[in-house]
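The analysis underlying the following values was restricted to heavy atoms, covering all of them including side chains, and did not include hydrogens, waters or symmetry mates. By convention in this document, chain letters (A, B, ...) are assigned in the order of the sequence lines, proteins followed by strands, and residues within each chain are numbered from 1.
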There are 2 protein chains.
Amino acid sequence: MPHQPRSAQPGQETPGPETDHTTPLQLSVDRTSPVPLYFQLAQQLEAAIERGRLAPGSLLGNEIELAGRLGLSRPTVRQAIQSLVDKGLLVRRRGVGTQVVHSQVKRPLELSSLYDDLEAAGQRPATRVLRNTVQPATAEVAAALGVPEGAEVRLIERLRYAHDEPMAYLRNHLPIGLFDCDTARLETTGLYRMMRSAGITLHSARQTVGARAATAEEAERLTEPSGAPLLTMERTTFDDTGRAVEFGSHIYRASRYSFEFQLLVRP
Amino acid sequence: MPHQPRSAQPGQETPGPETDHTTPLQLSVDRTSPVPLYFQLAQQLEAAIERGRLAPGSLLGNEIELAGRLGLSRPTVRQAIQSLVDKGLLVRRRGVGTQVVHSQVKRPLELSSLYDDLEAAGQRPATRVLRNTVQPATAEVAAALGVPEGAEVRLIERLRYAHDEPMAYLRNHLPIGLFDCDTARLETTGLYRMMRSAGITLHSARQTVGARAATAEEAERLTEPSGAPLLTMERTTFDDTGRAVEFGSHIYRASRYSFEFQLLVRP
DNA sequence: CAGTGGTCTAGACCACAGC
DNA sequence: CTGTGGTCTAGACCACTGA
């Protein structure tokens, strides 16, 4: 997600090799594969767009013809196209056709953990677990997690480092019994990765991002001067059944971090 | 979107009237209506969930039976259900059935303008346009908007007030000719509302949120003490064809604002 | 006008969950 | 085992776009 080291520059993407506008595009499906036909087609179209074989703005050819060419039914082809429309890669216009979206649309950023972000950025992340206990939920935590006030919840406090420098102070509350919350594993990986490997399917998160000046204690913990601007984030994460699986209340050194994310308009 | 006055409290939702778990739910479609059948069904299901007539976790009844009851085909019913699954209101489990998600999932926040947010929060927003000109695009702006460097783009600088107090300093770059950018209208409404009424369909936005200390000039403009923490936001907004329609670079008084938004995991 | 996507039908077989 | 959703087919008619 969303978190990005300040140092990371949004590099300009180099254009792919010259697009071949003559051949109509090589597409085929494997009916012996367990992969759904619509999914195979969607993957191939997405790859073609990605590689520039389908130029931005170019028409895809009508659905009937595409279905005939692949030996598929029209609904199946439509399902493939629809999945790419949902991803924002294609646009359908009645009476016109289906075209590749103009300009390179960057793919939406994933809901990843700060740990993964740092690792992907080559920042050599490290974690120090300051606390890993079970406590009764305060009113705020109970409301966020949807548990009764006073119910036991796990509290985890961590310092996240990159290149041996503190980057963020992370405070998480989790429902107990959801998955094994081993301190040793917490030190070597991210919370979301632990959840995913426990079979939890993350679905959405609601966040509030703000800023404020660091207190003396916070400043010391993050090796910032007192009063330095901090980024604050509160996040409640939900799984695919709508249950809250995590409530976090974090602070980041604003001098080192900013959040990057993609918002989608829900029509 | 995203922007929320600090003062706004996320009020606890009061539970609806007692759910009737006996009657299977009143559903019907009007075949004379121009509204698609799957959409009518989706609306009714959504309303039922909203009103608590369908309790969280309750099963919806299988698709075949539902189709039979409504006189619809299964694919049509599936299309309705799928749209609600996409919205995060329903969960499908093979071999189990379709159930309403646990816990009230808040609906994703919209990509609205700061103006709309303030207005919705009863903050009586006002805008002062400081600048509304056409300029050659800098490298950064050109990259964000996908236009050649040096091409003419519109530059708008605004101060946004709430209750007669400055809240944010907004700086926008827009492709020229996209829509009429009248200064008078800018003072009485939001940019996104102007775009929408010009027929532009907003699709997604990519944002970066950070924080830093205010410079002397910024502090004065926002009536904050020098060095006060500011929230910074850069945003590029895209329409449904993938074209960048706006690039903004804004600062907000951290003492007054935080951003709230919802992230969705794209499977 | 012809061509496109938007919607809808009435079937079919399969994979997986839970008993 | 039964019941569920997941996938797929081969048609159909309509609404809109652009020439």
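Regarding B/Leu66, its CG atom lies at a distance of 12 Å from the P atom of D/dT4, rounded to whole Å. Taking atom CG of A/Leu60 as the reference point, atom P of C/dG3 lies 19 Å away to the nearest angstrom. In this structure, the CG atom of B/Leu59 is 12 Å from the P atom of C/dG18, given to the nearest Å. Taking atom CD of residue B/Glu65 and atom C1' of nucleotide D/dT4, one finds them 13 Å apart after rounding to whole Å. The distance between atom CD of B/Gln99 and atom C1' of C/dG18, rounded to the nearest whole Å, is 14 Å. In this structure, A/Arg78 places its CZ atom 11 Å from C1' of C/dT4, rounding to the nearest Å. Regarding A/Glu63, its CD atom lies at a distance of 14 Å from the P atom of D/dT9, rounded to whole Å. Taking atom CZ of residue B/Arg93 and atom P of nucleotide C/dG18, one finds them 9 Å apart after rounding to whole Å.
No salt bridge links B/Arg206 with B/Glu234; every basic N to acidic carboxylate O contact stays at or beyond 4.0 Å. Between A/Glu63 and A/Arg92, at least one side-chain N (NZ, or NE/NH1/NH2) sits under 4.0 Å from a carboxylate O, which counts as a salt bridge.
Under a 3.5 Å cut-off, the side chain of B/Gln207 and the backbone N or O of A/Glu260 do not form any donor-acceptor pair. In this structure, B/Thr189 contributes its side chain and B/Leu186 its backbone to no donor-acceptor pair below 3.5 Å.
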Enumerate the protein-to-nucleotides 10-14 of chain D contacts in which both atoms are nitrogen or oxygen and the separation is below 3.5 Å.
| residue | atom | partner | partner atom | Å |
| --- | --- | --- | --- | --- |
| D/dA12 | N6 | A/Arg74 | NH1 | 3.1 |

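Qualifying side chain to side chain contact (heavy atoms under 4.5 Å, CB included) partners for A/Val91, counting only residues two or more places apart in sequence or in other chains: A/Arg93, A/Val101. Residues satisfying the side chain to side chain donor-acceptor pair (under 3.5 Å) test with A/Thr76, not counting sequence neighbours, are A/Ser73. Considering only residues two or more places apart in sequence or on other chains, A/Arg154 meets the side chain to side chain donor-acceptor pair (under 3.5 Å) condition with A/Asn132.
A side chain to side chain donor-acceptor pair (under 3.5 Å) check over residues 31-40 of chain B, counting only residues at least two apart or in different chains, returns the pairs B/Asp30-B/Thr32.
Judged by closest nucleotide on DNA chain D, B/Ile64 is the one of B/Ile64 and A/Val77 placed further toward the 5' end.
Each of C/dC8, D/dC8, D/dG5 was ranked by its minimum atom distance to the side chain of B/Thr76; first place goes to C/dC8.
Contact of the A/Leu191 side chain with the A/Asn172 side chain is registered, since non-hydrogen atoms from C-beta on lie closer than 4.5 Å.
For A/Asn62, no side-chain nitrogen or oxygen approaches OP1 or OP2 of C/dG3 to under 4.0 Å. The side chain of A/Tyr38 contributes an N or O atom lying less than 4.0 Å from OP1 or OP2 of D/dT7. Taking side-chain N and O atoms only, B/Arg92 has no distance below 4.0 Å to OP1 or OP2 of D/dT4.
Of the residues in residues 29-37 of chain A, not one comes within less than 4.0 Å of DNA chain C through any heavy atom.
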